[in-house]
Number of protein chains: 2
Amino acid sequence: MNGPAADDHSPWMPFESRRRARDEKREAVLRTAVHLFLEQGYHRATLNDVAERLNITKPALYNYFRSKEEILFECWALGQEQVDDIIAGINVSGENGLGKLRALVRAYAATMATEFGASMVRFNPRDLSPENEKTVRAAKRGIDQTFRRYIADGVADGSIKPCDPKLTAFAIAGSLNWIGHWYQRDGALSPGAIADEFAMRLTEGLATRSIKKKSALEAPDGNNSRKRPKGGHHEHHPRPAARAADQPGRAGHRLRRPPT
Amino acid sequence: MNGPAADDHSPWMPFESRRRARDEKREAVLRTAVHLFLEQGYHRATLNDVAERLNITKPALYNYFRSKEEILFECWALGQEQVDDIIAGINVSGENGLGKLRALVRAYAATMATEFGASMVRFNPRDLSPENEKTVRAAKRGIDQTFRRYIADGVADGSIKPCDPKLTAFAIAGSLNWIGHWYQRDGALSPGAIADEFAMRLTEGLATRSIKKKSALEAPDGNNSRKRPKGGHHEHHPRPAARAADQPGRAGHRLRRPPT
DNA sequence: CGCTTATATTACTCACGGGTAATAAAAAGT
DNA sequence: ACTTTTTATTACCCGTGAGTAATATAAGCG
């Protein structure tokens, strides 16, 4: 952010470009890792596998991460970051309870169709260090509470029929989380279609007034999803330093070099 | 079943009692194993842990199972057996599509609140041998198709509103499967209450005519579930040999000794 | 060009845990 | 009581894979 207007004589430019290259490599590791972890499971996928796929060798990975466990955690964190952003956006949207719930369902469904999103629900927190496990569990609790809050808000403002927020949140979040288990990125269903369909199906039983269904199955790819679900290249912007979400904890140390 | 009327002089009696004792030990292993596998994850839980909890040593386990993988598979199979029974019962019930779907949702929810039921969705099929993995995937496909069939039946007979059976089945099964991830057996929610609530919540949006809700949350334990959700002792009868469900494959070799 | 720092490699350590003898202790059967 | 079978134990093997030197190569950078 403090970068001087980069001509080409600046002695700082190479520094920055080096850092950027490093960050790109870090992300490449995470993308390969999350793919293999999802495909084979965390314990069956070895760091040799990850390295081999990147055309390097295992010890090279330790230039970017302290341990396999840290890689696992960082994969999860990238998914969690997406969700934090989604929630932060909805919180300032000024919608009523039902509107916020629908927005969350839709965006969360699209996230679950990404590999980092799926990692949030397919990785086992028990495989993390005690400290990271606590962070993950706190974040999961935060998501659950957000669902419940939106539902309770909707009941309070009259947009959602009276119901038990706890079990209703479980039912909705369950459907969404399950996407991470069955969704095949090479399958027939587009993330947009899934997100639209789930947003409709999961909330139609809750609305106090009937929903105007627009035959969601026919729209193969709505242009209305805030985050592009699957662009060919750099799947998500290079992250402008840390980003503070309003939700619980998570130390904001995105992208730091561990070894030195 | 060919047992002679056992007085007390029969020389066959000890044989039977021996077999029974063996089967009880086998099941004890599976109950301990499924508990630890769910608690710590399959790879973190060691056979030493399992054995220690049974007050024996690791090699003793090999009198009952060929490998750790076989234990994993048998845990899954016990859960799958419950589901097969449920489906077989519903298939001959003569209900309409919505009725069958509701019955399945209710019984499946209760199963997910058991450890063997949860193992069906928390274990990773990739940890099984190729052959067993195929069996598991076929069974999963069978369950999915049953959900879709009941929904399609309901649409055909007019009890369910027109909808996409595939995505609707995903949404419902997702909610139910997720129970296996969050349900705490020592928590406040009883399996019966969850089953009732989910059966209501997940199908109310589908019914062509409005549902007569009876405030399901207040009924802590309905007496109407065909299988008792959680009896204190012998969780399921000693299994009268093999049991053939109508669904796909699974070799019916329950309870055989591997070594000899 | 030399000095320093980042990045990668080869070759290794080592704990962990599934699985296997070899063998002892019970039970069952005769 | 003697034999056989079942069930368990102790003591080991050994493949695997995370993580670590020691070291080579390449890239800033004055």
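The sequence lines fix the lettering, A, B, ..., with proteins before strands; numbering per chain opens at 1. Computation of the quantities below employed the complete heavy-atom set of this structure, encompassing side-chain atoms and omitting hydrogens, waters and symmetry-equivalent molecules.
B:D127 has its CG atom 15 Å from the P atom of C:dG17, to the nearest Å. To the nearest angstrom, P of C:dT20 lies 11 Å from CG of B:L47. Counting to the nearest Å, the P atom of C:dG17 and the CD atom of B:E52 are 12 Å from each other. A straight line from CD of B:E69 to P of C:dG18 spans 13 Å, rounded to a whole angstrom. Whole-Å rounding puts the B:N63 CG to C:dA22 P distance at 17 Å. Atom CG in B:L61 sits roughly 13 Å away from atom C1' in D:dT9 (whole-Å rounding). When rounded to the nearest whole Å, the span between OH of B:Y62 and C1' of C:dA22 equals 17 Å. Going from atom OH of B:Y42 over to atom C1' of C:dC16 covers 15 Å, rounded to whole Å.
Residue A:R22 has a polar side-chain atom (N or O) positioned under 4.0 Å from OP1 or OP2 of C:dT7. Look at B:T57 and you won't find any side-chain N or O under 4.0 angstrom from OP1 or OP2 of D:dA8. Contact between the side-chain N/O atoms of B:R44 and the OP1/OP2 oxygens of C:dG17 is not found at any separation under 4.0 Å.
At least one donor-acceptor pair under 3.5 Å links the side chain of A:E69 to the backbone N or O of A:S129.
Under a 4.0 Å N-O distance rule, the pair B:K140/B:D144 does not qualify as a salt bridge. The pair A:R126-B:E39 does not count as a salt bridge, with every side-chain nitrogen at least 4.0 angstrom from each carboxylate oxygen.
Taking the six-membered ring for Trp and the full ring otherwise, the centers of B:F170 and A:W182 sit less than 6.0 Å from each other.
No side-chain N or O of B:T135 forms a donor-acceptor pair with one of B:N132 less than 3.5 Å apart.
Side chain of B:P59, nearest nucleotide from C:dT10, C:dT20, D:dG19: C:dT20. For A:K68, the listed nucleotide lying nearest its side chain is D:dA18; candidates were D:dA18, C:dT9, C:dA21.
Taking for each of A:K58 and B:I56 the nucleotide of DNA chain D with the nearest heavy atom, the 5'-most of the two is the partner of B:I56.
B:A21 comes within 4.0 angstrom of nothing in the nucleic acid, heavy atoms only. Counting non-hydrogen atoms under 4.0 angstrom, A:T46 reaches the backbone sugars and phosphates but no base.
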